[in-house]
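Below is one structure, written out as structure tokens; the observations come after it.
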Amino acid sequence: GAGVSQSPRYKVAKRGQDVALRCDPISGHVSLFWYQQALGQGPEFLTYFQNEAQLDKSGLPSDRFFAERPEGSVSTLKIQRTQQEDSAVYLCASSSGVAGATGELFFGEGSRLTVL
Amino acid sequence: AQSVTQLGSHVSVSEGALVLLRCNYSSSVPPYLFWYVQYPNQGLQLLLKYTTGATLVKGINGFEAEFKKSETSFHLTKPSAHMSDAAEYFCAVSGGTGANNLFFGTGTRLTVIP
């Protein structure tokens, strides 16, 4: 597609359930980022991939969060045993360059997760 | 470490009036600075960025921002607001070349009054 595509757009989960959020970046984009945006806050960095390599996962809040990009294109963010504090919009962004966040990032519309 | 402070979570201006959205940053290295805009039900998109060189940068839709190192500021301006400018605006900073992530402010919601 022409832009970054994320699915599902909305997800409601019961506390303790596992969820998986998908990101389809712009074709050919090397860099891929995941951000978490809580209500009323700016996006906060979770993790960064360069092709299939996860080069930075310093922003993942706990070991319940796991991200992968096995073939260097589509990425999945998995959250195990969801908690209410995980409720947020999860944003995916991609970039054509390898210079991390110094280039222009193209964002998807986000996946809104609500944990009951 | 890098951080951004956006003064004013909500700003209202009349159509045709000057738009000024404030951003101050903190960075331990020469910063790269960005403004992103988020229209309702859309993803964030880049308005403009400062990396090196000219401190006054021009972006899309008539917006511009000036990097002032002495004031650690990167305020966003537009001479004349348009109804279509109503959106949420985020200032962000990264740690320069090779930095892996952007640090975003909490955002400023701009309302344009007809």
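Here is how names work: the chains are called A, B, and so on, in the same order as the sequence lines, proteins then strands, and each is numbered from 1. Side chains are part of it too, since the values below use all heavy atoms of this structure and drop only hydrogens, waters and symmetry mates. For clarity, every value in this text was computed on a predicted model and none was experimentally measured.
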For the residue pair A:Q54 / A:T47, report whether a side-chain donor-acceptor contact shorter than 3.5 Å exists.
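Looking only at side-chain atoms, A:Q54 and A:T47 do form a donor-acceptor pair, the distance falling under 3.5 Å.
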Q) Going by atom types only, do B:Y50 and B:T55 share a side-chain donor-acceptor pair under 3.5 Å? A)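 Side-chain D/A pair, B:Y50 to B:T55: absent.
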**Prompt:** Looking only at heavy atoms, which of residues 33-41 of chain B get nearer than 4.5 Å to chain A?
**Reply:**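 Expected list: B:F34, B:Y36, B:Q38, B:N41.
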Self-check item: Residues of residues 105-114 of chain B contacting chain A, heavy-atom criterion under 4.5 Å, by residue number
Solution: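 The list, in residue order, reads B:G105, B:T106.
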Q.
For the interface with chain B, which of A:P43, A:G108, A:G40 has the highest count of heavy-atom pairs at distances below 4.5 Å?
A.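 Between A:P43, A:G108, A:G40, the count favours A:P43.
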Problem - Spacing of A:F65 atom CZ and A:K78 atom NZ [to the nearest 0.5 Å] - result: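 Reported value, rounded in 0.5 Å steps: 14.5 Å.
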#### Entry: Centroid-centroid distance, B:F63 to B:Y89, less than 6.0 Å
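Yes, they do, as the ring centres are separated by less than 6.0 Å.
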Where does B:Q42 contact chain A at under 4.5 Å (heavy atoms): side chain, backbone, both or neither?
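For B:Q42, the contact with chain A is made by the backbone alone.
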How about residues 81-92 of chain A versus chain B: which residues have heavy atoms under 4.5 Å apart?
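Expected list: A:L91.
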* What part of A:Q37 lies closer than 4.5 angstrom to a heavy atom of chain B: side chain, backbone, both or neither? ->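 Contact with chain B involves the side chain of A:Q37 alone.
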Once salt bridge (charged side-chain N to carboxylate O under 4.0 Å, His left out) is applied, do any residues pair with A:K57, and if so which ones, sequence neighbours excluded?
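A:K57: no salt bridge (charged side-chain N to carboxylate O under 4.0 Å, His left out) contacts found.
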Show the nearest heavy-atom pair for residues A:H29 and A:F106, with the distance to one decimal.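 Between these two residues, the closest heavy atoms are CE1-CD1, 3.6 Å.
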Q.
With ring-ring contact (aromatic ring centres under 6.0 Å, His included) as the criterion, how do B:F74 and B:F67 come out once you've worked through the C-alpha distance, each side chain's angles and the decisive distance to 0.1 Å?
A. CA-CA 5 Å; B:F74 191 59; B:F67 170 60; 7.0 Å; no
